[in-house]
Amino acid sequence: MKKFITYYAVKLSLLVIIAACSAIFAKLISSISAGGKSALIAQTAATAVFFFAFVYYIGTQIKAPPEVKDGTAGASYYILFTLKETSVYAIFLLPVTVYLYISPNVESAFDKILYYICLPHSFFMKLGAGAIVNFAAMVIVFAAISFTSHKAGVRRARRLAISSAAETESEVSEINDVKYDDISENDADNDTTKTTE
């Protein structure tokens with residue numbers, strides 16, 4: 001149970017940090033973009049891309065169990081991994097969706113902070129969808145990115161492991177060749193000595 005709580009606490013904290021970085025990015029974009037609905041949609045899309053690019057990168061860095069690196073894990077591993085990761089995002093998205101549904105006036109400094117934090121997760125609402133549809137669509141997007149990023153990370157780790165193993169074999173082979181050459185030279189010297197005697 002403690003491990004379970006720690007996992008969600010760490011993952012949620014990470015999402016909050018990414019959301020904070022996305023909020024800063026959204027604020028920078030808003031300061032240079034023009035007004036209007038199309039500009040707002042473009043701003044929301046840009047911040048969503050920033051957020052999910054961050055999520056994708058982190059997904060590629062997550063370490064996989066040895067059996068996954070060996071290529072013996074089936075689709076069930078990736079499905080369970082994706083469900084676990086997506087459940088964290090769904091928990092994160094719940095209060096965000098409530099805030100977006102309430103749609104408070106962005107007047108106070110606190111409201112502005114919340115607005116920019118929530119902006120990347122309101123893309124489908126900006127397109128005219130309801131809060132529930134937006135919630136479901138964003139969860140699906142996150143699941144797809146989580147799945148693909150982890151698979152990409154596992155493939156990269158496997159390639160590195162194979163490359164490292166090949167380099168090790170090459171080094172061992174070179175060492176053995178050097179030892180063999182030394183032995184051959186010593187044998188040749190011994191034969192010459194015997195002939196001379």
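By convention here, the first residue in the shown sequence is residue 1.
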Chemist: With clusters defined by side-chain heavy atoms of hydrophobic residues (ILVMFWY) lying less than 4.5 Å apart, directly or transitively, does Val10 cluster with Val16?
Modeler: no
Chemist: CG of Leu80: more than 12 outside heavy atoms within 6.0 angstrom?
Modeler: yes
Chemist: Return the minimal non-hydrogen interatomic distance between Gly59 and Ser149, and the atom names on each side.
Modeler: CA-OG, 3.4 Å
Chemist: Indicate, with yes or no, if Leu127 and Ile140 share a hydrophobic cluster defined by side-chain heavy-atom contacts under 4.5 Å among Ile, Leu, Val, Met, Phe, Trp and Tyr.
Modeler: no
Chemist: Could you give me the CA-CA distance, side-chain angles and deciding distance for Phe123 and Ile41, then say whether side chain to side chain contact (heavy atoms under 4.5 Å, CB included) is met?
Modeler: CA-CA 7 Å; Phe123 178 72; Ile41 292 173; 4.1 Å; yes
Chemist: When rounded to the nearest 0.5 angstrom, what is the spacing between OG1 in Thr97 and CZ in Phe92?
Modeler: 9.5 Å
Chemist: Are Ile113 and Tyr116 grouped together when hydrophobic residues (ILVMFWY) are joined by side-chain heavy atoms under 4.5 angstrom apart?
Modeler: no
Chemist: Do Tyr77 and His150 meet the criterion of a side-chain donor-acceptor pair at a distance under 3.5 Å?
Modeler: yes
Chemist: Could you walk me through whether Phe54 and Ile58 pass the side chain to side chain contact (heavy atoms under 4.5 Å, CB included) check?
Modeler: CA-CA 6 Å; Phe54 213 145; Ile58 290 174; 3.8 Å; yes
Chemist: Per the side chain to side chain donor-acceptor pair (under 3.5 Å) rule, what does the pair list look like for residues 6-16, sequence neighbours excluded?
Modeler: Tyr7-Glu85, Tyr8-Ser87, Lys11-Glu85
Chemist: Met138 versus Leu93: any side-chain heavy-atom pair under 4.5 Å?
Modeler: yes
Chemist: Restricting to non-hydrogen atoms, name the atom on Phe25 and the atom on Ala46 that form the minimum distance, rounded to 0.1 Å.
Modeler: CE2-O, 3.6 Å
Chemist: Does Tyr99 share a hydrophobic cluster with Ile117, counting links as ILVMFWY side-chain heavy atoms below 4.5 Å and allowing steps through other members?
Modeler: no
Chemist: In the single-linkage hydrophobic clustering (I, L, V, M, F, W, Y; side-chain heavy atoms under 4.5 Å), do Ile79 and Val154 co-cluster?
Modeler: no
Chemist: Side chains of Tyr89 and His121: is there a donor and an acceptor less than 3.5 Å apart?
Modeler: yes
Chemist: If the condition is ring-ring contact (aromatic ring centres under 6.0 Å, His included), which residues does Phe52 pass it with, not counting sequence neighbours?
Modeler: none
Chemist: Can you give me the closest heavy-atom contact between Phe135 and Ala90, atom names plus distance?
Modeler: CE1-O, 3.7 Å
